[in-house]
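Shown next, in structure tokens, is the structure this report addresses.
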Amino acid sequence: MNENVTLKTKKAAGNGPTEEQVLSVHHWTKDLFSFKTTRPDGFRFRSGEFIMLGLQVDGKPLMRAYSVASPNWDEELEFFSIKVPDGPLTSRLQNIVPGDTIMLGRKPVGTLVLDALKPGKNLYLLSTGTGFAPFASIVRDPETYEKFERVIVTHTCREIAELGYSKQTIEELRNNEFLGEMVDGKLFYFDSVTREAHDRVGRITTLIENGGLFEAVGLEPFNPEVDRGMICGSTAMLQDTKALLEKAGLTEGSNASPAEFVIEKAFVT
Ligand code: A2P
């Protein structure tokens, strides 16, 4: 048994974080990267939940909340991160390479889960920036398509290059030999940018208000009878988007009290 394996087994027996190995890293822009790690034996989570993740710094774990971007059936874990200039964790984490070790918390939690929503027909997953991460998990979970007839995932960034991770995730999902058929005709990917010329320009709030979103996916404006939502982005984005859902008559839910929509701040900003 090598030293790493001994260490991992020891840690897993306690309450502290486990040590996981970095398997791959992809830098999308100078500010965004995604990475995959090993998944501890027995690590269970609901698609959309987040977990504490970090590095050993000066002999102590430095941890931040990260949404798990991989679906719960995947044997690897995936994360999507911003690189915060001078950020204590991300300034270090952005340098990880395959074979490195990261620290992973043991208790996944969060409100962006299917259980926190009442049954409905259309599921809107509205995100900006790294807020796409939990939805990368949810759109790859077969349960999502058992519960909803249509899944509309939106991702808005300042520039086109920042859409790279979501674009590739959706493309791979559509081409997946097992899941491709399941999402066919049910999954709609709606991207937009706000600071560059593109097919679709504008904040998601603007595109909800002017009907551009609904027109593009061929659906009626929000209706609390059939529509459910999840929102993940900056504090300002959450506030403004939530106000639009509430104006349409949808109410905010939680794990304890499911309703028509749920929100969570995109972490590490
Ligand atoms: P904008 O370029 O008009 O500010 P950020 O990196 O600042 O979090 O922004 C990510 C994306 O979210 C950008 O496209 C940004 O648009 C958009 N955004 C920022 N604030 C809001 C808000 N209050 N409501 C909706 N979208 C927002």
Side-chain angles (χ1 to χ4, degrees), residues 26-35 48 50 64-67 69 79-91 93-94 110-112 123-139 152-170 188-217 219 221-222 227-252 260-269:
H26 189 124
H27 293 271
W28 298 96
T29 67
K30 66 174 186 14
D31 299 319
L32 292 170
F33 68 114
S34 62
F35 55 98
F50 66 88
R64 296 285 184 269
Y66 271 86
S67 291
F79 303 94
F80 181 42
S81 180
I82 196 165
K83 306 172 191 177
V84 185
D86 303 322
L89 178 62
T90 62
S91 62
L93 196 64
Q94 63 178 284
T111 53
L112 300 181
L123 176 63
Y124 286 87
L125 304 170
L126 309 168
S127 70
T128 55
T130 55
F132 178 76
F135 303 151
S137 177
I138 291 168
V139 295
I152 304 95
V153 61
T154 80
H155 191 205
T156 304
C157 293
R158 296 178 181 196
E159 293 170 10
I160 296 167
E162 295 169 319
L163 297 168
Y165 173 71
S166 63
K167 231 180 204 109
Q168 181 169 309
T169 301
I170 299 293
F188 298 81
Y189 171 65
F190 180 91
D191 60 354
S192 72
V193 296
T194 49
R195 304 198 188 186
E196 203 178 349
H198 186 46
D199 301 347
R200 278 198 284 265
V201 171
R203 288 184 170 193
I204 191 60
T205 40
T206 308
L207 292 158
I208 290 170
E209 279 185 299
N210 70 16
L213 167 63
F214 307 108
E215 204 177 305
V217 297
L219 292 170
F222 291 138
D227 293 328
R228 301 293 173 259
M230 294 191 185
I231 317 172
C232 193
S234 64
T235 306
M237 180 272 192
L238 292 184
Q239 238 170 32
D240 293 351
T241 314
K242 173 181 152 141
L244 293 176
L245 267 66
E246 286 180 335
K247 196 169 143 197
L250 283 75
T251 56
E252 186 176 351
E260 286 91 34
F261 76 92
V262 281
I263 68 173
E264 205 145 72
K265 195 173 172 327
F267 303 106
V268 196
T269 51

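In listed order, ligands and their atoms are each counted from 1. Every value quoted in this text rests on a predicted model; they were computed, and no experiment measured them.
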Using modelled atom types only, decide if a donor and an acceptor are shared between the side chain of S81 and the backbone of F33 within a distance under 3.5 Å. no
Can you pull the residues with any heavy atom under 4.0 Å from ligand 1? T128, T156, C157, R158, T194, R195, R203, T205, A236, M237, D240
Can you tell me how far apart OG1 (T128) and NE2 (H155) are? Round to the nearest 0.5 Å. 7.0 Å
Is the charged tip of R200 near the ring of F190: under 6.0 Å from the six-membered ring centre and within 45° of its axis? yes
Start with the C-alpha distance between S34 and F79, add both sets of side-chain angles, then the distance that settles side-chain contact (heavy atoms from CB on, under 4.5 Å), and finish with yes or no. CA-CA 5 Å; S34 62; F79 303 94; over 6 Å; no
Show me the donor-acceptor pairs, under 3.5 Å and distance only, between side chains in residues 235-248 and residues at least two apart or in other chains.
unit_1 : atom_1 : unit_2 : atom_2 : d
T241   : OG1    : M237   : O      : 2.6
K242   : NZ     : E252   : OE1    : 2.7

Aromatic ring pairing F80/Y165, orientation class (parallel under 30°, perpendicular over 60°, tilted between): parallel
